[in-house]
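Everything below concerns the one structure shown next.
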Amino acid sequence: MTTAPLKYSKSKKVGEGTYAVVYLGTQISSNRKIAIKEIKTGMFKDGLDMSAIREVKYLQELKHPNVIELVDVFSATNNLNLVLEFLPCDLEVLIKDTSVVFKSADIKSWLLMTLRGIHHCHRNFILHRDLKPNNLLLAPDGQLKIADFGLARSLGNANEDLTSNVVTRWYRAPELLFGAKHYTPAVDMWSVGIIFAELMLRTPYLPGKDDVDQLDVTFRALGTPTEQIWPNVSMLPQYNALRVYPPPSRQELRNRFSAATEKSLDLLISMTQLDPSRRCDLTQALLHEFFLESPRPTEPEDLPKKKEKRVKEEDDEMNKRFKV
Amino acid sequence: MDRNGKVKTEAEQDPQPVKKQQVSNDDLYRRSTQYEMWSYTAESFEETRRKANESGRKAATEKFNEVFESIRQKSPEPFEKFKEELNPEKLLDLLTYEEETKYLHYYSRSIIQTCNHFKMPTQVRATAVSFFKKFYLVQSVSEYHPKNILYTCVFLAAKSENYFISIESFVKALVKVLTKDILDLEFIVLQSLKFTLMVHHPFRPLYGFFLDSQAVLLHPSPLMYDVNIDTLGSLYDKSKKWLNDYALLSDVAFLFTPPQIALAAMYDIDKRITDRYLKKVFLKEQKLEVIDEEPKESGFIKKEEPEEAEGVEPKEDKKDPQREQYETLVKTIRRCIRIAKQIPETTKEESKNIDKKCFFTLNPTRLIEKRVTKLSSPSPEIKQEAA
């Protein structure tokens with residue numbers, strides 16, 4: 001940790017928002033490209049912003065090939081600066097880019113890297129709580145890195161209340177949709193399951209228009225939870241089962257995910273169990289047979305990359321990525 | 001604390017395993033900023049604190065000299081007249097290392113009072129104390145008065161532990177503290193914390209030991225005739241209180257790992273049960289262990305060299321590694337207990353005195369002016385004589 005900003009040069013501003021300005025820059029000693037997230041301080045009624053605090057807190061602890069690296073933190077003129085590794089692309093961009101073809105080995109590779117990164121968070125008792133393709137960044141060497149820890153938190157004591165108002169809607173687990181105040185790392189697992197589906201479909205799997213619609217979209221795809229398949233579900237604060245959809249048959253899932261192997265469907269089903277206690281955990285997912293069957297996951301450096309773009313578009317993407 | 005919580009790697013599935021090194025919870029702890037940046041030996045801890053005190057005194061002296069010169073230049077007269085009394089060496093009275101230590105302990109207690117006032121959870125309270133202690137490992141009361149630092153630490157700890165409280169409602173409940181006082185310091189505190197906010201407390205491992213001791217001592221059948229779930233429950237509750245009374249206020253968090261501190265609490269509350277538990281864990285289960293590999297460090301990290309290391313010749317006949325581990329652990333626990341109970345007591349009189357000293361250190365102008373006024377106006381005795 002240093003106080004000398006001279007170690008980095010800022011080349012251009014790529015985004016500005018309510019709580020941060022993001023610059024691209026270079027670490028002078030190594031000539032390494034970096035992103036500098038300058039957190040505005042002293043501008044907020046309540047001091048340092050909570051998201052900034054969370055981001056610093058958790059990224060300081062998490063060092064892993066599949067988690068974005070916090071290279072340094074420094075202060076300059078009372079600003080908090082997070083020096084992050086420079087990651088030029090994210091999974092959402094690739095999913096939307098219809099000119100890029102995904103092979104099943106590519107999907108396996110991205111899924112594996114995502115699971116490894118989250119496994120590292122969970123074994124450190126940290127929940128991410130905002131997993132989505134947009135937060136899965138891609139390094140130039142193809143490595144996938146989990147980013148944006150602004151909603152993360154430590155797994156607290158068993159009796160501590162948590163807020164259910166987390167995770168971007170489309171990736172929100174059913175227990176959160178029902179307003180559960182106690183939940184587990186399974187909420188992240190759910191998000192990964194939905195991302196896995198999205199990688200196969202190349203379109204969002206459960207795109208609810210609002211919170212009510214999200215319940216409907218979710219249960220139409222995966223069945224409405226009942227006391228039989230999810231004991232005590234009706235005790236959850238916002239439980240309602242206006243429309244009862246039957247759980248999808250295996251054949252229905254096969255039709256929906258036409259290119260999926262039986263093992264990949266097994267894993268998807270395991271990740272998207274409605275009852276969080278039946279959902280697989282990160283270790284189980286990593287050990288799943290899907291990762292042992294052919295084809296082998298693509299080596300990161302051989303994964304599809306974003307097509308070359310003009311600078312302007314790149315800037316727009318950076319803007320979006322940093323949510324500023 | 002976790003004997004079984006090892007994470008399986010993909011290698012385990014492999015029929016021809018290239019024995020991959022497993023990442024244990026201890027490994028993870030060793031990568032935490034708490035271990036890497038905020039763990040000390042007793043010696044290095046004291047040295048760090050002395051350094052902080054020293055550099056605080058130095059900064060305070062410089063500030064004093066500056067103020068002294070500027071006042072003297074503005075009104076040189078009294079300085080000529082009372083050359084003897086008005087010289088920097090005589091006026092300057094800085095806090096010694098011992099005084100600063102006592103003073104900080106006194107303020108650590110008020111953190112707990114403040115947190116209790118806001119009915120904040122244990123986690124926030126413990127983190128606030130940790131922030132406060134860390135701040136003064138880097139800074140000194142000779143530069144930053146502990147009162148506002150304390151409140152800032154509580155405010156920041158609340159945010160960091162997801163117990164947000166708005167600055168308005170926070171300040172409203174405090175006496176003579178302004179919003180600005182705290183927000184101005186928040187960044188300085190964060191910087192002094194070297195931007196590390198994660199604090200691992202002993203409460204969680206204590207709960208883990210509570211659960212594990214039930215499994216070890218009660219199942220399948222009770223090991224001790226007079227120990228049941230209620231006995232262990234009461235041991236747990238008392239240990240929690242111990243952590244609040246001793247671990248939180250002492251410096252053990254900088255010298256021992258959270259599970260060591262948790263075990264120290266249990267051991268000090270009930271040596272018999274805790275020792276039985278440890279023996280069962282370390283000594284009786286050894287037959288289940290595979291012998292062909294190096295003894296792994298199990299749930300306890302030795303940050304410091306064990307005390308008996310000096311003078312003990314390595315014995316030729318190989319000592320049972322399990323027993324050795326058990327013995328080292330018990331020694332570590334005992335030392336933790338001893339240090340936890342070395343909390344300096346400060347009398348009200350004493351802390352009032354230190355408080356005054358601290359005030360004048362931080363406000364040299366007031367100190368000099370007060371002295372000048374006192375010297376310039378005739379004392380009551382002289383008046384009486386004249387009358």
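In what follows, chains carry the letters A, B, and so on, assigned in the order in which the sequence lines appear, proteins first and then strands, with residues in each chain numbered from 1.
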- request: Give a yes or no on whether Y183(A) atom OH has more than 12 heavy-atom contacts from other residues, nucleotides or ligands under 6.0 Å away.
  value: yes
field: Residue pair F196(A), F290(A): steps toward the ring-ring contact (aromatic ring centres under 6.0 Å, His included) verdict
entry: CA-CA 12 Å; F196(A) 182 27; F290(A) 168 63; 5.6 Å; yes
- request: For ring-ring contact (aromatic ring centres under 6.0 Å, His included), just list the numbers for Y207(B) and F203(B), CA-CA rounded to whole Å, side-chain angles, deciding distance to a tenth of an Å, and then say yes or no.
  value: CA-CA 6 Å; Y207(B) 185 64; F203(B) 295 98; over 10 Å; no
field: Which of L162(A), V56(A), L282(A), D46(A) touches chain B most, by non-hydrogen pairs under 4.5 Å
entry: D46(A)
message: So does Y136(B) get a backbone contact from the side chain of Q139(B), meaning a donor-acceptor N/O pair under 3.5 Å?
response: no
field: Pair D26(B)-S24(B), side-chain donor/acceptor within less than 3.5 Å
entry: no
query: Which residue out of T196(B), N162(B), I167(B) racks up the most heavy-atom pairs below 4.5 Å with chain A?
result: N162(B)
- prompt: Taking C-beta and beyond as the side chain, do S164(A) and K181(A) meet within less than 4.5 Å on heavy atoms?
  reply: no
message: Could you check whether D130(A) and T168(A), counting side-chain N and O atoms only, form a donor-acceptor pair closer than 3.5 Å?
response: yes
field: Heavy-atom contact with chain B under 4.5 Å, split by part of F291(A)
entry: neither
- prompt: Which bit of N79(A) is near chain B, if near means a heavy-atom gap under 4.5 Å: side chain, backbone, both or neither?
  reply: backbone
Check against salt bridge (Lys or Arg N to Asp or Glu O under 4.0 Å), R129(A) and D188(A): CA-CA 6 Å; R129(A) 305 198 301 180; D188(A) 285 341; over 6 Å; no
- prompt: By a 4.5 Å heavy-atom criterion (distance strictly below it), what part of S154(A) contacts chain B: side chain, backbone, both, or neither?
  reply: side chain
- request: Examine whether an atom of I126(A) lies under 4.5 Å from a heavy atom of chain B, and if so say whether it belongs to the side chain, the backbone or both; otherwise answer neither.
  value: side chain
message: Sort by residue number and list every residue of residues 175-189 of chain B having at least one heavy atom under 4.5 Å from chain A.
response: L183(B), E186(B), F187(B)
- prompt: Is it true that the side chains of E61(A) and T33(B) contain a donor and an acceptor less than 3.5 Å apart?
  reply: yes
query: Contact part of F170(B) toward chain A, heavy-atom cut-off under 4.5 Å: side chain, backbone, both or neither?
result: neither
- line: Assert top hit (heavy-atom pairs under 4.5 Å, partner chain B, pool N124(A), L80(A), L62(A)) equals L80(A)
task: Could you list the residues that satisfy salt bridge (Lys or Arg N to Asp or Glu O under 4.0 Å) with R278(A), not counting sequence neighbours?
output: D275(A)
